[in-house]
Participant: 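Let me give you the structure first, and then I'll get to my questions.
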Number of protein chains: 2
Amino acid sequence: MCCSYSEQQKKDVTNFTQEQKQLIEKIGIYHEQQGFPPVVGRIMGLLYVSDRPHLSFEEIIDTLNISKSATSNALNLLLQMRLIEYTTFSGDRKRYFSALLEKWHQEVVDKMGSILAFSSLLRKANELRGDSNPGMNEKVLERIEFMEFLSREVPLLLEKWRKERKKYFFCPL
Amino acid sequence: MCCSYSEQQKKDVTNFTQEQKQLIEKIGIYHEQQGFPPVVGRIMGLLYVSDRPHLSFEEIIDTLNISKSATSNALNLLLQMRLIEYTTFSGDRKRYFSALLEKWHQEVVDKMGSILAFSSLLRKANELRGDSNPGMNEKVLERIEFMEFLSREVPLLLEKWRKERKKYFFCPL
DNA sequence: AATTTAGTTCTCAAAATTATGAACCAAAGA
DNA sequence: TCTTTGGTTCATAATTTTGAGAACTAAATT
């Protein structure tokens, strides 16, 4: 096999402007703040900033100057978290990675799930406290109810969003 | 000064049931997952599970078996993040800490702020990409717009919540 | 004035995280 | 069959985080 997809398309990937490099780092830092290791964040930054639809393992390594192992682990983590995806091309053994932009909606729903999990811990706390401190129970209950309110309302919000989108894109008469 | 607030009220704080201890740890782990160190999480757990309205520095140390320094740092972090507060009683040098349950609403608004910050990074990415990959720009833009939609809608949701509450608690004619 | 109390700050050790480089492996190509 | 490619896995090094303990401080008590 003489010409892979990347050879056909390669236009020096590693040549980012200073501004683009800074943006990759900023997006990286944002992801670090969300709990990811630096390399993982940088890969997300690269995938968001690159003007290529998808990058190979090799290109990621060369652009970011990171090790194969760190890259392998980071990509597998991101794949597992469904934050990125990859495409393949027949006759080319490489995998081509890109940010999975459609995931965002689900992410919000998941976040609500975790809030709900916490609210059930608070419920348990109230239950175990019994009536030894009714004032506290009442305040905790208000917080529980607010979290549950959010969990009910956010999916509705997603629905609203989907409808607004549909209006614009599917029936633009 | 012979009797501090804590001496008047002390009914063996450290005697939690197995179930309560487990709940403290679970709430601790939840906070760890939100990015806090273990000790910080456990203190939150303790403050949520305790049936006492507020606990002193000493009581926290004795109950959780943690060092003074870790406790001091953790409490100051939590105070600064406005997740806990403290009360004082005249003639008693101690500070009495409790979870700040009212903070939750603001927390949601803050979270939206961070989402908005990320969306402006993505806007920059689109801008720097120019028109070299319109398909990507379009998908990224959809994500940006969704984030901005959320940032607009969530404060409205808070307003809705406040109104529902008022209905129940302030005008229950 | 000396001691106790309620913490804070500093130093350091232990533990956890992160990333590297080398060894490895399976599939493809020569 | 031997080599190359596209990774993965392992051992380890570097860095960061976390928390303990001792020394410290300032106010209150004796």
Side-chain angles (χ1 to χ4, degrees), chain A residues 1-8 10 13 25 28-29 31-46 54-81 84 86-97, chain B residues 1-8 10 13 25 28-29 31-46 54-80 84-97:
Chain A
M1 199 10 119
C2 65
C3 5
S4 70
Y5 168 86
S6 63
E7 275 178 284
Q8 287 164 26
K10 197 173 288 174
V13 193
E25 292 304 308
I29 289 170
H31 281 87
E32 278 186 62
Q33 286 164 350
Q34 310 299 308
F36 294 99
V39 167
V40 175
R42 271 189 201 109
I43 291 178
M44 290 308 289
L46 173 58
H54 27 235
L55 299 175
S56 73
F57 192 90
E58 207 191 356
E59 288 165 338
I60 292 169
I61 285 175
D62 293 346
T63 313
L64 297 178
N65 290 304
I66 52 183
S67 69
K68 280 174 95 174
S69 54
T71 307
S72 173
N73 291 326
L75 289 173
N76 287 327
L77 172 73
L78 290 169
L79 282 170
Q80 195 208 303
M81 297 193 75
I84 64 171
Y86 66 85
T87 325
T88 50
F89 299 89
S90 76
D92 184 350
R93 262 212 287 164
K94 284 177 181 153
R95 291 184 296 174
Y96 293 88
F97 299 91
Chain B
M1 198 10 119
C2 66
C3 3
S4 71
Y5 168 85
S6 63
E7 276 179 284
Q8 287 162 27
K10 198 173 283 173
V13 193
E25 292 304 308
I29 289 171
H31 282 86
E32 278 187 62
Q33 286 163 350
Q34 309 298 308
F36 295 100
V39 167
V40 175
R42 271 188 201 108
I43 290 178
M44 288 309 289
L46 173 58
H54 27 235
L55 299 174
S56 73
F57 193 90
E58 205 191 357
E59 287 166 339
I60 293 169
I61 285 176
D62 293 345
T63 313
L64 296 178
N65 290 304
I66 54 184
S67 71
K68 280 174 96 176
S69 56
T71 306
S72 174
N73 291 327
L75 289 173
N76 287 327
L77 172 73
L78 289 170
L79 283 170
Q80 195 209 304
I84 65 171
E85 63 183 343
Y86 66 85
T87 324
T88 50
F89 298 90
S90 75
D92 185 350
R93 263 211 289 163
K94 284 178 182 155
R95 292 185 295 172
Y96 293 88
F97 299 91

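Letters go in sequence order (proteins before strands), and every chain restarts at 1.
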Participant: Distance check needed: C/dT5 P versus B/Y96 OH, whole Å only.
Facilitator: 13 Å

Participant: Check whether any side-chain heavy atom of B/V40 lies under 4.5 Å from a side-chain heavy atom of B/H31, and answer yes or no.
Facilitator: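 No, their side chains stay 4.5 Å or more apart.
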
Participant: CD/B/E59 to NE2/B/H54 distance, rounded to the nearest 0.5 angstrom?
Facilitator: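 The CD atom of B/E59 sits 9.5 Å away from the NE2 atom of B/H54.
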
Participant: Rounded off to whole Å, could you give me the CD1-to-C1' distance for the A/I61 and C/dA22 pair?
Facilitator: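 A/I61 atom CD1 is separated from C/dA22 atom C1' by 14 Å.
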
Participant: Show me the protein contacts with nucleotides 3-5 of chain D, counting only N or O atoms at under 3.5 Å.
Facilitator:
residue, atom, partner, partner atom, Å
D/dT5, O2, A/R93, NH1, 2.9
D/dT5, O2, A/R93, NH2, 2.3

Participant: Could you state the CD1-C1' distance from B/I60 to C/dG7, rounded to the nearest angstrom?
Facilitator: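 Checked: the CD1 to C1' distance equals 12 Å.
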
Participant: Just the rounded figure in Å: distance from P of C/dA27 to CZ of A/F57.
Facilitator: 18 Å

Participant: Do any of residues 32-44 of chain A sit with a heavy atom less than 4.0 Å from DNA chain C, and if so which?
Facilitator: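 A/P37, A/P38, A/V39 - these, ordered by number, are the residues of the stretch whose heavy atoms sit under 4.0 Å from the strand.
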
Participant: So, using side chain to side chain donor-acceptor pair (under 3.5 Å) as the criterion, who are the partners of B/E25 when residues are at least two apart?
Facilitator: B/R42

Participant: Output the rounded distance in Å from CD1 (B/I29) to P (C/dA16).
Facilitator: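 Rounded to whole Å, this separation is 14 Å.
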
Participant: Going by heavy atoms in the side chains, are B/F89 and B/K94 under 4.5 Å from each other?
Facilitator: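 With C-beta onward as the side chain, the pair stays apart.
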
Participant: If you define the side chain from C-beta out and look only at heavy atoms, does anything of A/I43 sit under 4.5 Å from A/L64?
Facilitator: yes

Participant: When you measure from every atom of DNA chain C, which of residues 67-76 of chain B have a heavy atom less than 4.0 Å away?
Facilitator: B/K68, B/S69, B/S72, B/N76

Participant: Apply side chain to side chain donor-acceptor pair (under 3.5 Å) to B/S67 and list each qualifying residue two or more places apart in sequence or on a separate chain.
Facilitator: B/S69

Participant: Give the angle between the helix axes at the two ends of the helix from C/dA1-D/dT30 to C/dA30-D/dT1, taking five base pairs at each end and rounding to 10°.
Facilitator: 10°

Participant: Between B/L55 and B/T63, is any pair of side-chain heavy atoms under 4.5 Å apart?
Facilitator: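 No. Closest side-chain heavy atoms not under 4.5 Å.
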
Participant: Can you see if the side chain of B/R95 gets near the phosphate of C/dT5 - specifically, an N or O under 4.0 Å from OP1 or OP2?
Facilitator: no

